[in-house]
Number of protein chains: 2
Amino acid sequence: MLTTSHRQLLRVISESGPLSRTEMAVALGLSKAAMSGLARDLIDLGVLHEAGTVYGQGRPSTRLDLQPEWAFFAGISLIQDPAPMILCDLGGKVIARIDMPLSRDPQTIAQSIAERLPELFKVHPQAAAKIGGIGIALSGFVDERQATCIQSTLLNWQGVPLADIVREHTGINAFIENDAKAIAVHEKLFGSTRDQQNFTVVSLGDGIGCAHVIDGRLYRGNHGGAGEIAHCTIELGGAPCRCGKRGCLDTIASMNAIKEMARVEGFACTTLSDIEQIAATGNAAAIKILHRAGSALGLAIANLIQINDPGLILITHTEDGLQGLFGTVMQQAIETNVLPRYAGQTPIRLHRVSDDIWARGAASIAAHNFLIGPNTN
Amino acid sequence: MLTTSHRQLLRVISESGPLSRTEMAVALGLSKAAMSGLARDLIDLGVLHEAGTVYGQGRPSTRLDLQPEWAFFAGISLIQDPAPMILCDLGGKVIARIDMPLSRDPQTIAQSIAERLPELFKVHPQAAAKIGGIGIALSGFVDERQATCIQSTLLNWQGVPLADIVREHTGINAFIENDAKAIAVHEKLFGSTRDQQNFTVVSLGDGIGCAHVIDGRLYRGNHGGAGEIAHCTIELGGAPCRCGKRGCLDTIASMNAIKEMARVEGFACTTLSDIEQIAATGNAAAIKILHRAGSALGLAIANLIQINDPGLILITHTEDGLQGLFGTVMQQAIETNVLPRYAGQTPIRLHRVSDDIWARGAASIAAHNFLIGPNTN
DNA sequence: GACACTAAGTTCACCGAGTGAACAAATCAA
DNA sequence: TTGATTTGTTCACTCGGTGAACTTAGTGTC
């Protein structure tokens with residue numbers, strides 16, 4: 001079994017990339033003697049491997065890195081139909097991808113997963129033997145054990161122990177997680193924010209998701225509801241939202257809302273880029289829609305910065321067109337609504353992602369549990 | 001010296017109150033054998049003492065509690081004039097209180113503190129010998145070492161290493177902290193939220209402060225700016241704020257703002273209660289002021305709940321009258337602007353505090369560092 | 001090419017915080 | 001009085017860690 005020190009070491013490598021034994025010792029605050037043993041353990045297990053030599057003065061150092069093929073992880077997104085199902089390795093690389101029919105019935109979902117796993121495993125002869133876990137991303141609230149869906153409006157669930165059900169059907173360790181939180185863990189483990197200890201992810205898909213990483217760990221809040229930025233009230237007495245409130249950010253700035261408003265205006269468009277193009281011709285209605293959406297999202301993010309002062313805001317988006325009016329207004333709105341001292345101090349990073357992001361996030365949840373342990377350390 | 005385990009033990013006692021050795025062993029996840037040694041160490045040092053016996057089946061258990069007089073802490077608030085200076089014991093009890101002239105010059109402040117300490121120490125023969133540290137609360141941003149004031153508009157400071165200066169003048173370990181964060185630490189260490197691991201404090205004084213405790217620790221954000229809720233934009237294009245923005249919560253819902261608006265309306269009033277009384281007579285202008293302030297604060301808190309999902313919101317207020325229109329509207333605004341599923345799930349606790357709260361908070365910062373160690377564990 | 005120099009990584013005796021099991025202590029219940 | 005029960009201590013032992021000495025594998029200089 002892996003001790004706490006082994007896991008800490010794996011965490012450091014996942015954050016910093018390949019390191020020499022001496023560098024690892026410094027990073028963990030351990031002696032070279034202790035590191036020597038830890039490294040040997042993990043190399044013997046096949047988790048780490050020697051990856052290159054760095055020459056300098058004195059004896060060259062051997063860099064140790066994760067062995068990507070030591071373990072594989074399946075990830076499924078239940079927020080798309082059909083539901084994508086991917087297989088990735090310990091480096092986060094997607095090595096297989098298939099689709100699965102979406103269902104609202106937990107048993108059916110578990111059965112579908114169990115049935116389709118063999119196909120996913122075909123891509124690598126040892127995938128089945130080395131599977132480290134299954135992760136599932138869904139829209140809704142998940143308990144801190146990442147096992148039970150406390151509530152999901154989209155799936156019409158309440159207290160569904162999906163992880164246990166999938167575990168029973170597949171015999172493989174399974175975890176579930178909220179969609180935005182899964183993306184946050186993905187970015188922390190495999191993405192561009194590996195080395196960041198405090199950041200917030202805002203994910204722009206059809207809806208708006210958000211999740212916080214604090215002190216290097218996912219922060220889920222007391223009821224698993226941290227990051228529900230989509231239902232912050234932006235326009236007092238605004239349009240009714242499906243959540244029952246009025247003027248939620250989701251009704252103004254989500255891709256769904258933007259497209260719906262465009263449809264009402266009679267525009268024939270299916271993507272953000274389409275609307276941006278119409279706005280670029282000077283169309284007042286299109287400009288208004290994008291301007292309103294951009295400033296709403298910017299205001300919400302500005303409030304978030306004021307409240308939490310994260311080290312970075314990573315905005316992941318599945319659509320192109322973030323360089324247009326919407327994105328520009330958003331950035332301006334952030335600037336104008338953040339304390340002048342802070343304006344510009346919090347980097348806003350845009351990151352275009354594919355539709356696989358949720359499935360990859362789901363797999364990351366499994367990888368995180370397997371590699372570093374449950375989030376509660 | 002105290003080991004990590006000793007400090008963990010002290011943290012548990014500060015969270016749970018007196019416990020038997022066996023209960024502590026369970027709380028720390030240690031064996032009875034290990035606990036036996038740890039407890040003896042701390043009793044020998046004089047930190048813990050046996051406080052009462054609990055009878056049940058079997059051998060009765062002896063409860064161990066902190067020895068309040070093991071150490072004393074000084075706390076100074078630089079957000080009031082004159083600046084209150086208090087001495088408290090390890091139990092958080094205030095045992096002396098004097099005033100100090102407020103200055104903006106760090107050297108003068110340090111000198112004033114050094115000069116007045118002897119008077120503060122008079123109250124207890126061993127106070128001077130057992131002083132564990134000095135804490136200073138101020139309005140502004142503080143670095144994570146709790147040593148340097150990065151920036152303070154009120155004091156017109158930028159990068160002032162006040163803690164070091166005070167340490168030089170007094171020979172006593174000193175720490176500084178932002179006012180709202182000091183209150184949060186006070187409530188965590190000595191207040192009603194000792195046992196809570198995730199909560200947010202909103203402090204209503206002349207201005208509005210806010211700070212988060214996450215996983216039992218103060219969360220200061222990446223630039224020490226977490227909790228700057230006062231400068232969240234509530235009214236787009238609203239009145240200009242001294243921070244340079246417009247429509248900040250501070251311009252609508254702080255006690256200063258409420259009183260200023262009342263003054264403009266020609267009301268002769270100096271407290272929130274005065275305005276509440278005028279509103280109670282049906283005066284439309286007074287009602288409007290309070291309604292607007294209450295809904296603004298409620299909206300800000302609702303956004304905070306959506307973003308962070310804290311386990312509890314503790315609202316500390318130095319004025320009476322929170323049971324009136326302002327408080328009622330605030331609570332309603334929280335309810336209506338929080339996701340229906342969550343409405344009412346996050347307890348909102350009101351806590352009337354004295355003007356000493358900041359000085360007590362300051363002392364708590366010193367106590368926390370002395371007892372549990374720097375926040376970075 | 002020999003030799004000093006430097007830094008990486010290993011080995012080994014040792015330390016100390018923790019454990020489990022046995023035991024002493026202090027009470028209640030019959 | 002005796003037995004049951006639970007608290008708290010003692011003690012031999014384990015195990016993750018350390019510091020210091022050592023081996024290893026390069027570079028730089030003459």
Side-chain angles (χ1 to χ4, degrees), chain A residues 1-13 16-67 371-373 376-377, chain B residues 1-13 16-67 371-373 376-377:
Chain A
M1 261 315 287
L2 298 184
T3 67
T4 320
S5 293
H6 289 125
R7 295 205 182 271
Q8 272 181 306
L9 177 53
L10 292 174
R11 163 172 255 144
V12 165
I13 298 177
S16 318
L19 294 174
S20 72
R21 291 169 174 82
T22 308
E23 288 167 328
M24 290 174 184
V26 172
L28 287 184
L30 292 179
S31 63
K32 287 194 295 173
M35 256 316 302
S36 187
L38 290 176
R40 186 175 35 237
D41 296 344
L42 292 177
I43 291 173
D44 288 351
L45 271 171
V47 193
L48 296 183
H49 68 130
E50 304 200 332
T53 312
V54 178
Y55 299 90
Q57 260 190 335
R59 174 171 167 178
S61 60
T62 319
R63 301 209 298 177
L64 301 181
D65 200 1
L66 290 174
Q67 181 69 50
L371 201 62
I372 300 174
T376 46
N377 310 345
Chain B
M1 261 315 287
L2 298 184
T3 68
T4 321
S5 293
H6 289 126
R7 295 206 183 269
Q8 271 181 307
L9 178 53
L10 292 174
R11 164 172 253 143
V12 164
I13 297 176
S16 318
L19 294 174
S20 72
R21 290 171 174 82
T22 309
E23 286 166 328
M24 290 173 183
V26 172
L28 286 184
L30 292 179
S31 63
K32 287 193 295 174
M35 258 316 302
S36 188
L38 290 177
R40 187 176 33 239
D41 296 344
L42 292 177
I43 291 173
D44 289 351
L45 271 172
V47 193
L48 295 183
H49 68 129
E50 304 202 333
T53 312
V54 177
Y55 298 90
Q57 257 190 337
R59 174 171 166 178
S61 60
T62 318
R63 299 208 297 177
L64 301 181
D65 200 1
L66 289 174
Q67 181 69 50
L371 200 63
I372 300 173
T376 44
N377 311 345

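Every heavy atom of this structure was used, including side-chain atoms; hydrogens, water molecules and symmetry mates were not. A, B, ... follow the sequence lines: proteins, then strands. Residue 1 opens every chain. What you see is a predicted model; the values in this text were computed from it and never measured.
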Please determine whether a side-chain nitrogen or oxygen atom of [X] lies at a distance below 4.0 Å from atom OP1 or OP2 of [N].
{"X": "S5(A)", "N": "dG17(D)", "result": "yes"}
{"X": "R40(B)", "N": "dT10(D)", "result": "yes"}
{"X": "S20(A)", "N": "dG9(C)", "result": "yes"}
{"X": "S61(A)", "N": "dA8(C)", "result": "no"}
{"X": "T22(B)", "N": "dG8(D)", "result": "yes"}

Closest listed nucleotide, where the reference is the side chain of [X] and the choices are [options]:
{"X": "A33(A)", "options": "dT9(D), dT10(D), dC12(C)", "answer": "dC12(C)"}
{"X": "R21(B)", "options": "dT9(D), dT18(D), dT7(D)", "answer": "dT9(D)"}
{"X": "K32(B)", "options": "dT9(D), dT19(C), dT10(D)", "answer": "dT9(D)"}
{"X": "Q57(B)", "options": "dT6(D), dG17(D), dG20(C)", "answer": "dT6(D)"}
{"X": "T3(A)", "options": "dG9(C), dG16(D), dA21(C)", "answer": "dG16(D)"}

Whether S36(B) side chain and K32(B) backbone form a donor-acceptor pair below 3.5 Å: no
Are side-chain heavy atoms of T3(A) and D41(A) found at a separation under 4.5 Å?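 Answer no - side chains too far apart.
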Are any non-hydrogen side-chain atoms of P60(A) and V54(A) less than 4.5 angstrom apart? no
Whole-Å gap separating [atom2] ([N]) and [atom1] ([X]):
{"X": "L30(A)", "N": "dG9(C)", "atom1": "CG", "atom2": "P", "result": "15 Å"}
{"X": "M35(B)", "N": "dT9(D)", "atom1": "CE", "atom2": "P", "result": "9 Å"}
{"X": "R63(B)", "N": "dA26(C)", "atom1": "CZ", "atom2": "P", "result": "20 Å"}
{"X": "L42(B)", "N": "dA17(C)", "atom1": "CG", "atom2": "P", "result": "13 Å"}
{"X": "L64(B)", "N": "dT7(D)", "atom1": "CG", "atom2": "C1'", "result": "12 Å"}
{"X": "L28(B)", "N": "dT19(C)", "atom1": "CG", "atom2": "P", "result": "10 Å"}

Donor-acceptor side-chain pairing of H49(B) and D65(B) below 3.5 angstrom: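 Result is no, nothing qualifies.
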Residue whose closest nucleotide on DNA chain D lies nearer the 5' end, L38(A) versus T53(A): L38(A)
Please tell me which of G58(B) and G56(A) maps to the more 5' nucleotide of DNA chain D, matching each residue to the nucleotide holding its nearest heavy atom. G58(B)
Can a donor-acceptor pair under 3.5 Å be found between the side-chain atoms of R59(B) and the base atoms of dT27(C)? no
For the student: nearest non-hydrogen atoms of I372(A) and R7(A), plus distance: O-CD, 3.3 Å
